[in-house]
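Owing to the predicted nature of the structure, the values given are computational and were not obtained by experimental measurement. Note that the numbering runs from 1 along the sequence shown for the chain.
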Amino acid sequence: MKTITLIGSTGSIGKQTLDVCRKHNITVKALAAYGNTALLESQAREFSSECVCIYRDDRYIEMRERLADTGIKVLCGMEGLCEIASDKSADLFVNSVVGMVGLLPTLTAIENGIDVALANKETLVAGGHIVMSEAKKRGVKIYPIDSEHSAIFQCLQGNDPKQVNKIILTASGGPFFGMRKSELEDVTVEQALNHPNWSMGNKITIDSATLMNKGLEFIEAKWLFGVSPRNIEIVVNRESVIHSAVEFKDFSVIAQMGVPDMKIPIQYALLYPQREECDVKPLSFTDYGTLTFFKPDFETFDCLSGCVEAINRGGAYPCIVNAVNEEAVTLFLNREIPFLRIGELVRKSLDSLPEMPSETYEDIKRAEMAARNFVYNEMNF
């Protein structure tokens, strides 16, 4: 029976992770959330966790009061996340937070020799070189939770990675598939949050609408599977049934398929290498009847083309476009900028900010700050 620690427990992936833990009697030693004290309290009591972390400092006292009768240790802030990540008694550290806040806890878990189940895209986008080199040095396994990267990971089982010809990264196309920029000028927050296939948190749903999400996954795939960007192809599968595929040197293609439900990749990461019954609907080919495939629209979706350019440039540019996007998505959700402005800021940052190193965590933080300052200056904050 496995033991895990989980940060980001009150978000969409975090809650589904706990669903898997309930079904398979997985022990959850520690939990962390951004600011939802009520739900974090409920989770900690249900799973009899030893420790919780509330990231927001201003919620720390409330969190302590909520759990005062339990003996559960209460932490806060980045220091608390890293303390949870360093718990060597856990078999697996599960990172499902949103944003670059996830990078340092991931590095902390790796430094302590703890395997990582990773749903936090920004960890590899911003610090892929550091994370993968440290994991290799310490013999730490990284299990991807993203449905696309889980699919690739599954397709590679029993195969020699050196025989891979290319990775085929699938995308749903989001709610605005087939539309041109002129049709996206007046997109509302509500329209952007209406994803056709997946139920996710607000930030990742907006990223799916701009195709930034696919751009981030493109960058992640380079680091996770050690391939050149030129050996990664993005293909739009509107039904989100083929979660990704791998083409080998003999041009045979192995794909992983299933209904669009995040519990499948979450459970695979938590129980690897075991496969057990999962609380999802089985895939019926005849229910779907037809699967469709299209090329992505790099001209309309600036975020996607910006990410591909960023990883081809290298250095800290992936970190830069990611941090700019984080700020821009927040501004859009707050109705301070129009939808297309997100991609415009991502593209402009590539031309406006100089090349910066990305060899250390401190390098990454400097690049992140430069990117966020870029957005503030553009918005005249």
Any side-chain to backbone donor/acceptor pair from [X] onto [Y]? Under 3.5 Å, distance only.
X	Y	answer
Q267	E276	yes
T170	I242	yes
E368	M100	no
N237	T292	yes
E183	R180	yes
N112	T108	yes
N95	V97	yes
S96	G8	yes
S358	G315	yes
K2	D91	no

Do [X] and [Y] have side-chain atoms, one donor and one acceptor, less than 3.5 Å apart?
X	Y	result
S305	R347	yes
D87	T5	no
S150	Q154	yes

Taking [atom1] in [X] as the centre, count heavy atoms belonging to other residues, nucleotides or ligands within less than 6.0 Å. Is the count above 12?
X	atom1	result
I61	CD1	no
K29	NZ	yes
M369	CE	no
D69	CG	yes
K281	NZ	no
K23	NZ	yes
Q157	CD	yes
R138	CZ	yes

Derivation and outcome, side-chain hydrogen bond (donor to acceptor under 3.5 Å, both in side chains), residues Y268 and Q256: CA-CA 12 Å; Y268 191 71; Q256 188 267 332; over 6 Å; no
Do [X] and [Y] have side chains that approach each other closer than 4.5 Å (heavy atoms only, starting at C-beta)?
X	Y	answer
F93	I7	yes
L31	L18	yes
F248	V164	yes
H243	I264	no
N325	I342	yes
E122	E326	yes
S89	T3	no
F374	E327	no

To the nearest 0.5 Å, what is the distance between [atom1] ([X]) and [atom2] ([Y])?
X	Y	atom1	atom2	result
I232	K166	CD1	NZ	11.5 Å
Q43	S48	CD	OG	13.0 Å
Q163	L156	CD	CG	11.0 Å
I254	N159	CD1	CG	4.5 Å

| field | Check against salt bridge (Lys or Arg N to Asp or Glu O under 4.0 Å), R66 and E62 | value | CA-CA 6 Å; R66 283 180 174 273; E62 178 193 347; 3.0 Å; yes
Considering all heavy atoms of both residues, which atom of [X] and which atom of [Y] are nearest to each other, and what is their separation?
X	Y	value
L40	M63	CD2-SD, 3.8 Å
G343	C303	CA-SG, 3.7 Å
I54	N36	CD1-N, 4.0 Å
C53	I84	CB-CD1, 3.6 Å
C307	V321	SG-CG2, 4.4 Å

Which residues pass the ring-ring contact (aromatic ring centres under 6.0 Å, His included) test with F332, sequence neighbours left out?
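Only F339 meet the ring-ring contact (aromatic ring centres under 6.0 Å, His included) criterion with F332.
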- request: Can you label the angle between the F225 ring and the H149 ring as parallel, tilted or perpendicular, going by 30° and 60°?
  value: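 Tilted: the ring planes of F225 and H149 meet at 30° to 60°.
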>> What verdict does the salt bridge (Lys or Arg N to Asp or Glu O under 4.0 Å) test give for R366 and E362, after you've listed the backbone C-alpha separation in whole Å, the side-chain angles of each residue and the deciding distance to 0.1 Å?
In response: CA-CA 6 Å; R366 279 190 289 271; E362 290 70 26; over 6 Å; no
Quickly, which of R22, H24, Q16 forms a side-chain contact (heavy atoms from CB on, under 4.5 Å) with V20? Name it, please.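 Single side-chain contact (heavy atoms from CB on, under 4.5 Å) partner of V20 among R22, H24, Q16: H24.
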* To do: Using the rule that two of Ile, Leu, Val, Met, Phe, Trp, Tyr join whenever any of their side-chain heavy atoms come within less than 4.5 Å, decide whether Y55 and L6 are in one cluster.
  =>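 Yes, because Y55 and L6 connect within a single hydrophobic cluster, where side-chain heavy atoms sit under 4.5 Å apart.
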Distance-only check: which donor-acceptor pairs under 3.5 Å involve side-chain atoms of residues 216-224, not counting sequence neighbours?
{"unit_1": "E217", "atom_1": "OE1", "unit_2": "K214", "atom_2": "NZ", "d": "2.5"}
{"unit_1": "E217", "atom_1": "OE2", "unit_2": "K121", "atom_2": "NZ", "d": "2.9"}
{"unit_1": "E217", "atom_1": "OE2", "unit_2": "N213", "atom_2": "ND2", "d": "3.2"}

Self-check item: Steps toward side chain to side chain contact (heavy atoms under 4.5 Å, CB included) verdict (F251, N165)
Solution: CA-CA 7 Å; F251 298 117; N165 199 42; 3.5 Å; yes
